[in-house]
Amino acid sequence: MKYVSTGGQTPPTSFRIAVFAGLAPDGGLYIPESIPALPHGFISELSTQSLQTIGAEVASAFIDDISRSDLATLSARAWTFPVPLIHLKDNLYVLELFHGPTLAFKDIGVRFLARILSYYLQASHQEITIAVATSGDTGSAVAHGFFNVPHITVYVLYPSGKISPLQEQQMATLGGNIHALEVDGTFDDCQRLVKQALADGEVVGARHLTTANSISLGRLLPQIGYYVWGVAQWEAAYRSRSMEERPTFVVPSGNFGNLTAAVYAMAMGTPFGHLVAATNVNDAGAQYLRTGSFVPRAAVQTHSNAMDVGNPSNLVRLRSHFRDDVSEIRRQIEAVSISDEETLDEIRLTYEHCGKIVDPHTAVGLAAARKRSVNEPTIVTATAHPGKFPEVIERALGMRIALPAQLREALERHKQSEEIPAEYEAFRQVLLKSSTRV
Ligand SMILES: *Cc1c(COP(=O)(O)O)cnc(C)c1O
């Protein structure tokens with residue numbers, strides 16, 4: 001399998017080169033040259049497969065320079081937590097993707113990426129450094145996903161005083177190969193420092209510097225696996241007599257990485273009905289899926305803030321997959337947008353009717369399923385643990401939710417970040433100084 005760029009100006013490239021590069025040299029995103037089909041026998045026996053065998057099957061369809069048994073080992077190390085399908089009521093299910101170390105689905109992609117990179121580095125006796133800028137959640141997923149992974153050092157840059165204490169504790173207390181840099185500036189400053197470092201030949205050469213942002217192929221591919229796993233669990237436990245019946249997936253969406261993985265899973269032959277992209281009021285991407293015209297906008301803040309995206313980065317992958325043919329997109333994907341008020345209502349209704357507390361992002365998905373009011377088996381991907389959003393839950397339900405154990409532990413750990421001014425020279429010195437130590 002080779003990878004090409006959505007920019008169209010990069011020659012076909014191996015997975016290995018694409019995953020270390022992140023962005024293609026022409027500025028586009030890497031995409032597979034074609035989408036491989038899952039073997040027919042595998043699909044017909046789906047209900048007997050485990051999460052690990054599915055992870056290895058999907059990975060080996062896309063990665064041809066790592067043996068299947070090594071991919072199975074890598075998958076097992078990445079998926080050390082369950083991804084259960086939970087029945088809510090009637091024909092409605094949630095696939096809980098949030099049982100990883102930072103209680104959000106981003107753990108899944110990041111943990112796989114970390115282990116794939118480490119695997120290649122082990123074979124070639126190399127070390128690399130990863131720098132990421134974060135406004136909150138990505139940083140903690142990256143910090144935990146790469147913690148203690150051999151051959152990789154990580155710098156996480158975050159804006160001082162502009163992220164929640166809990167988010168800070170999650171990424172700034174690990175130590176070891178994870179260095180947290182508290183930047184006296186904004187998120188945009190953090191992003192600028194990382195970009196400057198990636199464009200600085202001396203630093204890149206000395207540190208073998210790269211990044212691990214959400215557009216990485218190594219984060220996208222493992223996400224395909226959990227769609228296959230969701231259908232496998234549904235078939236094993238809930239499929240009725242009608243073998244023709246297929247579940248529809250509802251995907252709470254921001255940068256559309258999760259939705260892109262779902263589209264790829266469907267193209268591989270996973271038996272889905274439809275896909276529903278659920279966004280909050282930041283609906284530029286949803287508008288494109290409905291009309292074929294894309295107008296990026298500044299993001300506005302909502303209760304589902306991990307989806308506050310005005311210019312979704314993965315939209316170019318979807319546009320390329322469907323060759324910008326909006327009638328084909330609409331045949332497979334519906335787009336539904338949900339307000340903050342509807343989100344709060346949905347948290348309340350789900351609690352009253354199903355006795356389950358869901359986080360605001362999952363609530364956007366459930367509200368979209370409710371709005372469609374179609375009676376077909378529907379699986380909403382639950383992207384975060386409700387305990388991460390106590391203020392929103394309190395607003396919706398009038399009660400405090402207990403903090404999950406992982407987060408309570410994070411609050412008790414000792415912070416070990418280094419403060420730097422929002423100037424590139426300061427970040428550069430940190431990188432070059434430590435490169436002489438290794
Ligand atoms: C990142 C995130 C999303 C959005 O996922 P995309 O792949 O960017 O569309 C949804 N929910 C939560 C909790 C997230 O952290």
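We use all heavy atoms of the structure for the numbers below, so side chains are in, but hydrogens, waters and symmetry mates are not. First listed ligand is number 1; within each ligand, the first listed atom is number 1. Quantities reported herein were computed from a predicted structural model and do not represent experimental measurements.
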Among protein heavy atoms, which sits nearest to atom 1 (C) of ligand 1, and what does the distance come to when rounded to 0.1 Å?
-> K106 NZ, 1.4 Å
Report yes or no: do N255 and N314 form a side-chain donor-acceptor pair below 3.5 Å?
-> no
Enumerated ligand 1 atoms positioned under 4.0 Å from heavy atoms of N258 = 7 (O)
The atoms of ligand 1 lying under 4.0 Å from a heavy atom of G257, numbered in the order shown, are 6 (P), 7 (O), 9 (O)
Under 4.0 Å from one or more heavy atoms of A384, ligand 1 contributes atoms 13 (C)
Selected option - heavy-atom contact closest to atom 5 (O) of ligand 1, from F389, F256, F105 | F105
Which residue, F105, W234, F249, forms the ring pair (Phe, Tyr, Trp, His ring centres under 6.0 Å) with Y227?
-> F249
Counting heavy atoms only, name the option from A141, A262, G109, G254 that's nearest to atom 4 (C) of ligand 1.
-> G254
Aromatic ring centroids of H321 and Y264 under 6.0 Å?
-> yes
For ring-ring contact (aromatic ring centres under 6.0 Å, His included), just list the numbers for F62 and F15, CA-CA rounded to whole Å, side-chain angles, deciding distance to a tenth of an Å, and then say yes or no.
-> CA-CA 8 Å; F62 284 98; F15 175 75; 8.7 Å; no
Relative to each other, are the rings of Y238 and Y93 parallel, tilted or perpendicular (30° and 60° limits)?
-> tilted
For atom 11 (N) of ligand 1, the closest protein heavy atom turns out to be T383 OG1, 2.8 Å
Could you find the nearest protein heavy atom to atom 8 (O) of ligand 1 and give me its residue, atom name and distance?
-> N255 N, 2.8 Å
In terms of the angle between their ring planes, are Y155 and H179 parallel, tilted or perpendicular, with boundaries placed at 30° and 60°?
-> parallel
